[in-house]
Structure formats: structure tokens, C-alpha cells
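A short write-up of the structure that comes next.
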Amino acid sequence: MTTLSELNDDVVRSMSVGAVFSDFGGKINSIDFHRTADLLVTSCDDDSVRFYDISSAKLLKTTYHKKHGADRICFTHHPSSVICSSKHNLDNHEESLRYLSVYDNRCLRYFKGHKERVVSLCMSPVNDGFMSGSLDHSVRMWDLRVNACQGILHLRGRPTVAYDQQGLVFAVAMEGGAIKLFDSRSFDKGPFDTFLVGGDTAEVCDIKFSNDGKSMLLTTTNNHVYLLDAYHGEKKCGFSMDTSPNATIEATFTPDGKYVLSGSGDGNIHAWNISDEPNKIASLDSYIGVTSCLKWAPRRAMFAAASSSVLTFWIPNDAPTTI
């Protein structure tokens, strides 16, 4: 199998579908890889949470959550525990977030506070803290060990959140293309920096830091993808994807930070080498339509893509090319 250290333009161009999972009963809302274990988790409109072994491309377990549904999802540090946001009964219970043990299909803790859907969710890479951004125009900080909210930021518009890979800084993107950076240890003092993505007033639906912390990747609701310098906020480049009226797209870094991949309204997965001047190197047919969920595995030369009700695993095609 190709290792991450061997990742180059040819390997990225060779990426092809190695496994297909099409037994979902609704739209796949969110996917996440575990940071150290070879695991992927999905959440779906059919109220299911599914666990996959990515080394063997096998479904390990499916649990159903009919009362609350399954919207956004992310792993905790434990490989059999996840945080999942609710899709149903938000008005009645405000049980907007749940800490789930998939091993015995048990809810370990409820987190109450958000009044509307959670649209962004991320786990700290270094401790038991996590963040959620909601359509109620707030970002909340939590700790897995306690029920009570640890902090709240009131914002304009739809907030999107992400930690850097060291867990020292987190970013909050909001209405009007503003990105605010906070010190994780003293977020109550307000942002230490604010960037503006000029010329694009669309809401940011996803934000990611590169592993080295030097770059940020923003995806907007009108399918624009921006690469920013994470230290100074300068826009390194921008990619305009074909629009997709009924779906948002997702973009992802490779673990080495040298490549960016993105879904598009044209049904392809586009790839760029960004190590020097951004250079488009591939346009891969997704075979599943508009890719609304896209993440590269942290420790493997593989990525997962989902569109509507189909999940695909992509791996390098190691077969020699014949000319």
C-alpha cells in the first residue's frame, strides 16, 4: 500500500474508488476519521451512526438514534466514543449534543444549551474540550467530563468552528467572511486576530487548519474554496467550484499540507498541489454526484467521500500505467 510519505502528484492523480457503501437510508450528514485508530464514523438522516474499519474497508457497527437523530458527528479521543448533534426534538428537550459510547450503544452525557441545529462540531486535539456552532448564532465550549457549558460566544449568522492541530488556537468563521482567532486557554478575552475574506459575503460552511498550522481552508455555501495564511490572514488563492443548489461541498487538506481536494457541483473531486504556486493536478469523477462530505485520513494514503446516500473510500491505484 502507498504510504503518506510517498504522496506526490502522480499518486493523487491515481486515486480511485476502492470501496462503496450504498445501504444508507438517507442523506449522509457528516463523516470523521479518528486521529490515531483506523476508524471512520458517519451520521445519516436515517438516524444511524456507522463505524468503519478503514484498513479492511468493513462496516463494524451500526446504531440507530430515533429520538434525537444524527446530524454532525466527530470522534472523541477514545476510538469507540463520539459526539453527535441532534436533529429531532430540539425545541422540546434542548438536548442538542450527546456523548455516545458505540461499544455498548449508550449515551454517556447530554449537553443542553443550543436552541437550534448544530452546524459545526469539533473536538480539541489535546484535551476533553470540544466546540459547537449553531444556527442560534452561538458557539459553545464544552468539556466531555461535565454537563455544563464552559463558555459561549454570541455571533452574527451561521458560525463555523475549528481547532488548530496543536489545540492552542481555534477559529470561528461567521457572516460577511470574517474569521476570528481565539486563544483556547483565554477565549473569554476575545479574539486576538480577525481576518476578512474580501469580496465574498457567503456564509462559511467549513473551516480546517493544515497539520502544520500555517494554512486554513475555507469552504463557503456558494461553493467557493479559499486557502488562507493562518498567521496573517492573507488569501493565498481561491477556487470557484460549480454551484450545487441543494448541497454544500467540503474541501480537505492532505496530512502533509501539500494538496487540497474539493467536491464540486459538476460531480467531480478536484485536486490541487499547493506546495508552491497552486496548480490543479486532477479532476476525478466522484461517481456519486456532488461530494458533500470529503476528508483525507490522518495516517493513510486514502480519503473518504460521501454524496447523498453513498459513501466511498478512495485509495491509490498502484497498477502500473500503460501508455
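One-based numbering along the sequence shown.
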Next item on the list: Please indicate whether Glu234 has more than 12 foreign heavy atoms, meaning atoms of other residues, nucleotides or ligands, lying under 6.0 Å from its CD.
Entry: yes
Note to self: Suppose we screen for salt bridge (Lys or Arg N to Asp or Glu O under 4.0 Å). Which residues come up paired with Arg106, at least two apart in sequence or across chains?
What the structure shows: Asp104
Checklist line | Step-by-step side chain to side chain donor-acceptor pair (under 3.5 Å) determination, Lys112 to Ser96 | finding: CA-CA 6 Å; Lys112 299 183 180 182; Ser96 53; over 6 Å; no
Item checked: Tyr110 and His68 aromatic centres sub-6.0 Å -> yes
Next item on the list: Answer whether the closest heavy-atom distance between the side chains of Thr252 and Val260 falls below 4.5 Å.
Entry: no
Item checked: Distance-minimising heavy-atom pair for Ala70 and Ser48 -> CB-O, 3.7 Å
Checklist line | Pair Asn273-Asp9, side-chain donor/acceptor within less than 3.5 Å | finding: yes
Next item on the list: Any chance you could measure Arg109, atom CZ, to Leu144, atom CG, to the nearest 0.5 Å?
Entry: 8.0 Å
Next item on the list: Please determine if Asp53 and Lys58 form a salt bridge, counting it only when a charged side-chain N lies under 4.0 Å from a carboxylate O.
Entry: no
Notebook entry, point to check: Do the two ring centres, one from Tyr259 and one from Trp272, sit under 6.0 Å apart?
Noted result: no
Notebook entry, point to check: So, Lys27 side chain and Cys44 main chain: donor-acceptor pair closer than 3.5 Å or not?
Noted result: no
Next item on the list: Please report the closest heavy-atom contact between Asp206 and Glu250, naming both atoms and the distance.
Entry: OD2-CG, 3.7 Å
Item checked: CA sep, side-chain torsions, deciding dist, call: Ile54, Phe313, side-chain contact (heavy atoms from CB on, under 4.5 Å) -> CA-CA 8 Å; Ile54 63 171; Phe313 290 176; 4.2 Å; yes
Margin query: What I'd like to find out is whether the side chain of Trp296 reaches to under 4.5 Å of the side chain of Pro255, using heavy atoms alone.
Written below: yes
Next item on the list: I would like to know whether Asp193 and Lys180 meet side-chain contact (heavy atoms from CB on, under 4.5 Å); could you show each step before the answer?
Entry: CA-CA 6 Å; Asp193 211 345; Lys180 295 182 182 291; over 6 Å; no
Item checked: Side chain proximity check, Cys293 to Ile31, heavy atoms < 4.5 angstrom -> yes
Notebook entry, point to check: Taking C-beta and beyond as the side chain, do Ile83 and Thr76 meet within less than 4.5 Å on heavy atoms?
Noted result: yes
Next item on the list: For the pair Lys214 and Asp229, find out whether any cationic side-chain nitrogen is under 4.0 Å from an anionic carboxylate oxygen.
Entry: no
Checklist line | Partners meeting salt bridge (Lys or Arg N to Asp or Glu O under 4.0 Å) with Asp276 (sequence neighbours left out) | finding: none
Notebook entry, point to check: Atom CG in Asp45, atom CD1 in Ile28: separation rounded to 0.5 Å?
Noted result: 10.0 Å
Notebook entry, point to check: In Å and rounded to the nearest 0.5 Å, what is the OG to CG distance from Ser80 to Leu100?
Noted result: 11.0 Å
Next item on the list: Please step through side chain to side chain donor-acceptor pair (under 3.5 Å) for the pair Ser132 and His114, ending with a clear verdict.
Entry: CA-CA 9 Å; Ser132 56; His114 284 303; 2.7 Å; yes
Next item on the list: Take Asp256 and Leu7, measure what side-chain contact (heavy atoms from CB on, under 4.5 Å) needs, and give me the verdict at the end.
Entry: CA-CA 9 Å; Asp256 59 9; Leu7 211 56; 3.9 Å; yes
Check: What do you reckon, is NZ of Lys258 surrounded by more than 12 foreign heavy atoms closer than 6.0 Å?
Finding: no
Notebook entry, point to check: Do Thr42 and Val49 have side chains that get closer than 4.5 Å, going by heavy atoms?
Noted result: no
Next item on the list: Take Val119 and Asp71 through the test side-chain contact (heavy atoms from CB on, under 4.5 Å) and record every step on the way to the result.
Entry: CA-CA 8 Å; Val119 291; Asp71 201 351; 6.0 Å; no
Notebook entry, point to check: Mind checking what makes salt bridge (Lys or Arg N to Asp or Glu O under 4.0 Å) contact with Asp23, not counting sequence neighbours?
Noted result: Arg50
Next item on the list: Determine the minimum heavy-atom distance between Ser138 and Pro159, stating which atoms define it.
Entry: O-CG, 3.6 Å
Checklist line | Expected output: side-chain His34 to main-chain Leu40 donor-acceptor under 3.5 Å | finding: no
Note to self: Using every non-hydrogen atom in the two residues, find where Met216 and Phe253 come nearest and quote the distance to one decimal.
What the structure shows: C-CZ, 4.0 Å
Notebook entry, point to check: Hey, are Asp38 and Arg299 close enough for a salt bridge, meaning a charged N less than 4.0 Å from a carboxylate O?
Noted result: yes
Checklist line | Single-linkage hydrophobic cluster Val204~Phe209, side-chain heavy atoms < 4.5 angstrom | finding: yes
Check: With distance as the sole test, does Ser210 use its side chain to make a donor-acceptor pair with the main-chain N or O of Ser215 at under 3.5 Å?
Finding: yes
Next item on the list: Quick one: pull up CD in Gln150 and CZ in Phe130 and give me the separation to the nearest 0.5 Å.
Entry: 9.5 Å
Item checked: Electrostatic pair Asp47-Lys67, nearest N-O below 4.0 angstrom -> no
Checklist line | More than 12 heavy atoms from other groups under 6.0 Å of OH on Tyr103 | finding: no
Item checked: Within the 6.0 Å centroid threshold, strictly below: Phe33 and Phe303 -> no
Notebook entry, point to check: Honestly curious: do Leu97 and Ile73 fall in one hydrophobic cluster under the side-chain, below-4.5 Å linking rule?
Noted result: no
Next item on the list: Under the salt bridge (Lys or Arg N to Asp or Glu O under 4.0 Å) rule, collect the residues that match up with Asp136, sequence neighbours excluded.
Entry: none
Check: Is the distance between the ring centroids of Tyr52 and Phe21 less than 6.0 Å?
Finding: yes
Notebook entry, point to check: So how far is it from Met123 CE to Asp128 CG, rounded to the nearest 0.5 Å?
Noted result: 5.0 Å
Notebook entry, point to check: Shortest non-hydrogen contact from Asn29 to Lys87?
Noted result: OD1-NZ, 3.7 Å
Notebook entry, point to check: Are Leu181 and Leu155 connected, step by step, through hydrophobic side chains (Ile, Leu, Val, Met, Phe, Trp, Tyr) whose heavy atoms are closer than 4.5 Å?
Noted result: no
Margin query: In the structure I gave you, are the side-chain heavy atoms of Ser262 and Ile249 within less than 4.5 Å of one another anywhere?
Written below: yes
Notebook entry, point to check: What distance do Thr220 atom OG1 and Ile207 atom CD1 have between them, rounded to the nearest 0.5 Å?
Noted result: 12.0 Å
Next item on the list: Look at the aromatic rings of Phe170 and Phe182 and report parallel, tilted or perpendicular, splitting at 30° and 60°.
Entry: parallel
Next item on the list: Find out whether Ser244 and Asn223 are in side-chain contact, i.e. whether some heavy atom of one side chain is under 4.5 Å from a heavy atom of the other.
Entry: yes
Item checked: Donor + acceptor pair across side chains of Ser134, Lys115 (<3.5 Å) -> no
Next item on the list: Check Gly26 against Ser309 and note the closest heavy-atom contact, atom names and distance.
Entry: O-CB, 3.2 Å
Show me the side-chain donor-acceptor pairs of residues 283-291 shorter than 3.5 Å, one per line, residues at least two apart or across chains.
from	atom 1	to	atom 2	distance (Å)
Ser283	OG	Asn268	ND2	3.4
Ser283	OG	His270	ND1	3.4
Asp285	OD1	Tyr287	N	2.8
Ser286	OG	Gly267	O	2.7
Ser286	OG	Ile288	N	3.2
Ser286	OG	Gly289	N	3.3
Ser286	OG	Gly289	O	2.7

Notebook entry, point to check: Does the side chain of His65 come within less than 4.5 Å of Arg98's, by heavy atoms?
Noted result: yes
Notebook entry, point to check: According to the side chain to side chain donor-acceptor pair (under 3.5 Å) rule, which pairs have a member within residues 154-169, sequence neighbours left out?
Noted result: Arg35-Gln165
Notebook entry, point to check: Is a side-chain N or O of Asp46 found less than 3.5 angstrom from the main chain of Gly25, in a donor-acceptor match?
Noted result: yes
